[in-house]
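Everything below concerns the one structure shown next.
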Amino acid sequence: MDLGLAGKTALVSAASRGLGRACALSLAREGVDVTIVARRPGPLEETAGDIRAETGVRVTAVAADITDAEGRAKALAACPEPDILVTNTGGPPHVSDFRRLGRDDWIALFDAYLVAPISLIQATVDGMIERRFGRIVNITSIVVKMPGGSLELSAGPRAGFTGFVAGLARQVVRHNVTINNLLPGSLDTDRVRENMEVRARQAGCTIDEMYTRRAAEAPAGRIADPQEFGDTCAFLSGVQAGYITGQNLLLDGGRFPGTF
Ligand code: NAP
């Protein structure tokens with residue numbers, strides 16, 4: 001299927017590796033010029049080079065922290081009027097006991113999972129409305145729907161963000177601007193590998209054993225390739241997806257046990 005995206009522009013935050021990278025690559029494969037953001041310039045430039053070499057699109061790399069206002073200003077200066085916005089942030093810290101978190105820690109979590117994506121949407125949605133095309137895809141998490149270990153730290157701010165998106169998505173869709181959230185379950189990224197190492201140490205087992213256990217948590221019986229996630233993001237960004245909005249789409253191999 002031709003997604004009709006050739007020549008469009010996308011801003012993808014937190015995209016030097018993992019799910020953000022996969023979204024940027026899938027969009028680039030559709031002919032979208034992408035601006036990718038991450039903090040460390042080395043891996044970011046490497047990813048930009050890889051995407052450029054494979055797809056031939058224009059790739060702009062912005063080394064910035066998307067959780068602070070200055071970093072977002074830098075990203076938006078490089079890509080002020082994206083047709084597609086993919087909001088993403090690194091995962092929450094591994095904290096085994098929430099009692100150890102102080103006010104500043106909670107503010108940092110809200111900055112990362114609520115303020116940052118809302119600020120990016122604020123800065124870009126009106127341009128999308130004027131141009132009568134816009135696709136906003138937010139990477140959130142299965143924890144929005146289902147409890148799950150230490151990663152629950154992000155559940156509160158992400159749930160608040162999800163509530164905000166539910167309202168805004170209905171306001172802007174008449175202008176052909178859609179907003180949807182993608183909820184990853186277990187995708188094989190560096191972050192998940194690092195998480196697996198911590199959990200293996202805590203459980204006193206090998207990383208391979210932890211992988212097997214994690215894979216078995218989903219009826220699919222496997223941990224998914226991040227590119228499956230990236231391709232879903234590209235589909236939701238496509239011209240055909242203009243009637244899909246305000247949705248929370250799980251990519252979890254059936255792990256969430258509910259009917260809806
Ligand atoms: P990852 O492999 O650790 O990749 C994170 C990417 O974000 C890197 O490129 C990192 O580069 C960048 N980044 C981190 N903090 C940033 C910041 N403040 N500003 C700009 N860029 C930043 O993580 P992932 O597995 O792709 O996860 C992405 C998101 O999905 C996270 O929020 C995670 O909690 C959520 N999630 C993932 C899974 C999964 O299965 N993978 C499951 C549930 C939820 P730098 O470090 O250089 O900045």
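This chain uses plain numbering: 1 for the first residue, then up along the sequence. Whatever order the structure lists ligands and atoms in, that order sets their numbers, starting from 1. Just so it is clear, the model here is predicted, and its values are computed rather than measured.
- The backbone N or O of Ala14 sits less than 3.5 Å from a side-chain atom of Asn88, completing a donor-acceptor pair.
- A side chain to side chain donor-acceptor pair (under 3.5 Å) with Asn176 is found for exactly one of Arg135, Arg132, Arg131, namely Arg135.
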Expected list for residues 107-119: side-chain donor-acceptor pairs under 3.5 angstrom, two or more places apart:
| from | atom 1 | to | atom 2 | distance (Å) |
| --- | --- | --- | --- | --- |
| Tyr113 | OH | Gly90 | O | 2.7 |
| Tyr113 | OH | Gly91 | O | 3.3 |
| Ser119 | OG | Val115 | O | 2.7 |

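- Considering only non-hydrogen atoms, atom 17 (C) of ligand 1 lies nearest to Asp65 out of Leu187, Asp65, Thr189, Leu153.
- For Arg193, the CZ atom sits in a packed shell: over 12 heavy atoms of surrounding residues, nucleotides or ligands are nearer than 6.0 Å.
- Between Ala64, Ser16, Ala224, it is Ser16 that holds the heavy atom closest to atom 10 (C) of ligand 1.
- With values rounded to the nearest 0.5 angstrom, Asn138 atom CG is found 10.0 Å from Cys233 atom SG.
- Close approach of ligand 1 to Asn88 (heavy-atom distance below 4.0 Å) involves ligand atoms 28 (C), 29 (C).
- Distances from atom 14 (C) of ligand 1 to the heavy atoms of Arg17, Arg191, Arg39 show the closest one on Arg39.
- Across Leu183, Thr47, Val12, Ile66, heavy-atom proximity to atom 19 (N) of ligand 1 is greatest for Ile66.
- Close approach of ligand 1 to Thr67 is summarised as follows: ligand atoms under 4.0 Å from at least one heavy atom of the residue are 18 (N).
- Residue-ligand proximity: Ala22 is placed with every non-hydrogen atom at 4.0 Å or more from ligand 1.
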